[in-house]
Amino acid sequence: MTEHPIRTRFAPSPTGMFHVGSARSALFNWALARQQDEGRFVLRIEDTDAARNKPEWTEGIVQALAWLGIGDSDPHFEGPYFQSSYAGKHRETAERLYKEGRAYYCDCTREQVQERRDNPNLGYDGFCRDRGLEPGPGRALRFRVPEGGPTVVEDAIRGRVEFDHTSIEDFVIARADGSPLFALANVVDDVEMGITQVVRGEEHLSNTPKQQLLWQALGHTPPGWAHLPVIVNEKRQKLSKRRDKVALEAYQQEGFLPEAMVNYLMLLGWSPGEDREIMPWSQMEPLFAVSDVNSSSAFFDEKKLRAFNGEYIRALATEEFIDRCRPWLDPEVAPWPEEGYDEDAFRAIAPLAQSRVAVLSEIVANVDFLFLDEPVFDEQSWTKAMKPGVGAEMLSAALERFADPGLAWEAEALKTALEEVGQSHGLKLGKAQAPVRVAVTGRSVGLPLFESLELLGRGRTRQRIDAALARLNA
RNA sequence: GCCCCCAUCGUCUAGUGGCCUAGGACGCCGCCCUUUCAAGGCGGUAACGCCGGUUCGAAUCCGGUUGGGGGUACCA
């Protein structure tokens, strides 16, 4: 056993978007490649002619892979390659197939084929099979599907899948202008690269017999196949970029950790077979086996992803957590003015926020009150906390109590102080803190209040309570 | 229509004939802790689609059925 190259393929889009399904496929391939000494994971980009020689379209994919930890510095990683690398070979192969009689030219239009079909259930009827047409304008090249059959696809996940040749039409491998189609290009590329194992989405299962026939016609042994279950939405339809949130980048921007994403994605169709699901990549990689992959479709459950993400965030060292929050703290994107940001204050409050965010972007709403000139009031919170007989009374009393220079401005003392103020109004701390919290942070839920007040300082705290009182009376 | 795939709690799954009165995780619900909200602790809810076989015994094997999904282009 010398070499077991493995490859997966991604279709780029003009936005460079990377589909979560592709990400899972990449991860599975990556694990497989790394398990073998000479395993290779090949990133080959295939798309229409329009995508040729436009590596910038695929930049997003390369970056997304790097984000997941699939780096091109690893000897197991190869690529990205572009379809154009083998463009010449594609045409050459088409010609060879024609010369060997494995393919023939056909000048039928779609309409003609349709009219001729007495049975609308069949595809192309083989009309030009024996007409001996020469290459020429308006003539596409069709592969001559051999009589007999069936073609048997041995799939590592699904087992033996049979396709009767009567159900495989003579498919087009090159357009009238000579340009090759996906089916041909795909096989030629794989042959050229010495691919021995193909792990890809189930949507490709139906065209596998065609590819296998092509491999054989070219005189090669087809690779081993493994067709992964489709990832679906809540309506159990294949995740589509039109209606579903599928871009890995979208999750990245929301503040999902790559570790969590990798962990979650690996569990979509596969299980390490242990009583725990939170498992780092380093432990999953050697455990992964394509034969253990499930064959039924899997729902992409963002709730579970969030839960995983929260776990990974909490497991971060504080310093690391602070660091990872940086992109959302950037004054370019953050809602506060640049001069409002206080690094020390953030570092002090970060540990309190760490267990409260499920995705990193939520850090903003947790700490914005510290850096904003004035809090942004959530109306529901306001109405709830500022009820008549409680809101104004608590605020005035707190304002007065906080003015006392004898009151040390630190969390413990502030808590005791507000507790006392509450008591004198017949309120437990739970109720008493609400108006102050809303006045100072703008919301009824948030980080522990007294630590927040301590960081905000006496002056700004009193100023905000004062402002809230004014707002109440307005 | 035709071809192909799939079928265990709401979801992701464990389970490859007896260890299953079906296990875990997420969600959900309740309780505890508690300055709000989280986190944490404890407990709970909830599934083998249906019908036939095979077998002493079936979630596990076979057939059918129903229901999902994918593919059916001179797209990729």
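Chain A is the first sequence line, chain B the second, and so forth, proteins listed ahead of strands; every chain is numbered from 1. As the structure is a prediction and not an experimental result, all values here were calculated from the model.
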Pick base, sugar-phosphate or nothing for A:Gly269, based on heavy-atom distances below 4.0 Å to the nucleic acid. sugar-phosphate
Taking atom types as modelled, is there a side-chain donor on A:Thr208 or A:Arg200 under 3.5 Å from an acceptor on the other? yes
What is the base-pairing partner of B:C2, counting Watson-Crick and G-U wobble geometry with both distances under 3.5 Å? B:G71
Is it true that A:Phe171 and A:Tyr124 have ring centroids separated by less than 6.0 Å? no
Measure CZ/A:Phe163 against P/B:U72 and give the value in whole Å, please. 12 Å
Any donor-acceptor pair under 3.5 Å linking the side chain of A:Asp170 with the backbone of A:Val145? yes
Run the salt-bridge test on A:Glu162 and A:Arg160 with the 4.0 Å N-O cut-off and return the result as yes or no. yes
For the side chain of A:Arg236, counting heavy atoms from C-beta on, which of B:U11, B:A76, B:C5 is nearest? B:U11
Between B:A38 and B:G27, how many Å separate the two P atoms, rounded to a whole number? 12 Å
For A:Asn263 and B:C26, what is the distance between atoms CG and P respectively, to the nearest whole Å? 12 Å
Considering only atom P, compute the distance from B:U16 to B:U60 and round it to an integer number of Å. 13 Å
Side-chain contact check for A:Ser206: nearest option of B:G70, B:C26, B:G68 is B:G70
Quantified in whole Å, what is the C1' atom distance between nucleotide B:G17 and nucleotide B:U55? 9 Å
Cationic tip of A:Arg129 above A:Tyr104 ring, under 6.0 Å, 45° of axis: no
Which is true for A:Glu451 with a 4.0 Å heavy-atom rule: it touches a base, it touches only sugar-phosphate, or it touches nothing? base
Interatomic distance where CG belongs to A:Leu414 and C1' belongs to B:U36 [whole Å]: 16 Å
For A:Tyr251, does the six-membered ring have the charged nitrogen or CZ of A:Lys245 within the cation-pi criterion, i.e. under 6.0 angstrom from the centroid and within 45° of the normal? yes
Please state whether the phosphate of B:A7, meaning OP1 or OP2, lies under 4.0 angstrom from any side-chain nitrogen or oxygen of A:Asn294. no
Set out, line by line, the N/O atom pairs under 3.5 Å between protein and nucleotides 38-45 of chain B.
unit_1: B:A38; atom_1: O2'; unit_2: A:Ser355; atom_2: O; d: 2.7
unit_1: B:A38; atom_1: N3; unit_2: A:Ser355; atom_2: OG; d: 3.3
unit_1: B:A39; atom_1: O3'; unit_2: A:Arg314; atom_2: NH1; d: 3.3
unit_1: B:G40; atom_1: OP1; unit_2: A:Arg314; atom_2: NH1; d: 3.3

Quickly work out the A:Glu274 CD to B:A14 C1' distance and round it to whole Å. 12 Å
In whole Å, I'd like the distance from the CD atom of A:Glu234 to the C1' atom of B:G68. 15 Å
Determine whether a donor-acceptor pair (N or O, by modelled atom type, separation under 3.5 Å) exists between the side chain of A:His165 and the backbone of A:Pro146. yes
Can the ring centroids of A:Trp270 and A:Phe28 be said to lie less than 6.0 angstrom from one another? no
Cation-pi geometry met for A:Arg471 and A:Trp382 (6.0 Å, 45°): yes
Expressed as a whole number of Å, how far does the C1' atom of B:C37 sit from that of B:A47? 33 Å
Atom-to-atom span, CG of A:Asp164 to P of B:C2 - whole angstrom: 15 Å
For the side chain of A:Glu169, counting heavy atoms from C-beta on, which of B:U72, B:C74, B:U35 is nearest? B:U72
For A:Arg306, which contact category applies under a 4.0 Å heavy-atom criterion: base, sugar-phosphate, or nothing? nothing
Considering only the P atoms, how many Å lie between B:G70 and B:G63, rounded to the nearest integer? 25 Å
Considering only atom P, compute the distance from B:U21 to B:C62 and round it to an integer number of Å. 23 Å
Is A:Ile173 touching bases, backbone alone, or none of the nucleic acid, heavy atoms closer than 4.0 Å? nothing
Pairing nucleotide - B:C42, Watson-Crick or G-U, each distance under 3.5 Å: B:G30
Who does B:C9 pair with, Watson-Crick or G-U, both distances under 3.5 Å? none
Among B:C74, B:C37, B:A14, the one nearest A:Arg175 by side-chain distance: B:C74
Under 3.5 Å, is there a donor-acceptor pair between the A:Gln283 and A:Arg276 side chains? yes
In whole Å, I'd like the distance from the CG atom of A:Asp275 to the P atom of B:A25. 7 Å
Under 4.0 Å between a side-chain N or O of A:Lys238 and OP1 or OP2 of B:G71? yes
Describe the nucleic acid contact of A:Gly273 in one word from base, sugar-phosphate, nothing, applying a heavy-atom distance below 4.0 Å. nothing
Please pick, from B:C5, B:C26, B:G71, the nucleotide with the shortest atom-to-atom distance to any side-chain atom of A:Lys303. B:C26
Using a cut-off of strictly less than 4.0 Å, decide whether A:Arg110 has a side-chain nitrogen or oxygen near OP1 or OP2 of B:C74. yes
Protein-nucleotide distance (A:Asp125, atom CG; B:U72, atom C1'), rounded to Å: 16 Å
Of the listed nucleotides (B:C74, B:U11, B:U35), which one gets closest to any side-chain atom of A:Phe299? B:U11
Which whole number of Å gives the distance between the C1' atom of B:C5 and that of B:U45? 33 Å
Donor-acceptor pair under 3.5 Å: do we get one between A:Glu202's side chain and the base of B:G71? no
With respect to the side chain of A:Leu449, which nucleotide from B:U35, B:U36, B:C26 is positioned closest? B:U35
A:Asp292 or A:Asp301: which one's nearest nucleotide on RNA chain B is closer to the 5' end? A:Asp301
Residue A:Ala307, side-chain heavy atoms: nucleotide from B:C26, B:U35, B:G71 that is nearest: B:C26
Quick check on RNA chain B: between A:Glu419 and A:Ala174, whose nearest nucleotide comes earlier from the 5' end? A:Glu419
Pairing nucleotide - B:U36, Watson-Crick or G-U, each distance under 3.5 Å: none
If we take the C1' atom in both B:C61 and B:U54, what is their distance in whole Å? 8 Å
Do A:Trp225 and A:Gln197 have a side chain donor and acceptor closer than 3.5 Å? no
Within the structure shown, what part of the strands sits under 4.0 Å from A:Val161 by heavy-atom distance: base, sugar-phosphate, or nothing? sugar-phosphate
Just checking A:Ala434: base, sugar-phosphate only, or nothing, at a heavy-atom cut-off of under 4.0 Å? nothing
Considering only B:C26, B:C37, B:A7, which nucleotide approaches the side chain of A:Ser295 most closely? B:A7
A:Arg437 and A:Thr441 side chains, donor-acceptor separation under 3.5 Å: no
When all nucleic acid strands are considered with a 4.0 Å heavy-atom cut-off, which category describes A:Glu277: base, sugar-phosphate, or nothing? base
When you get a sec, tell me which of B:G71, B:C74, B:A25 is the closest nucleotide to the side chain of A:Lys304? B:A25
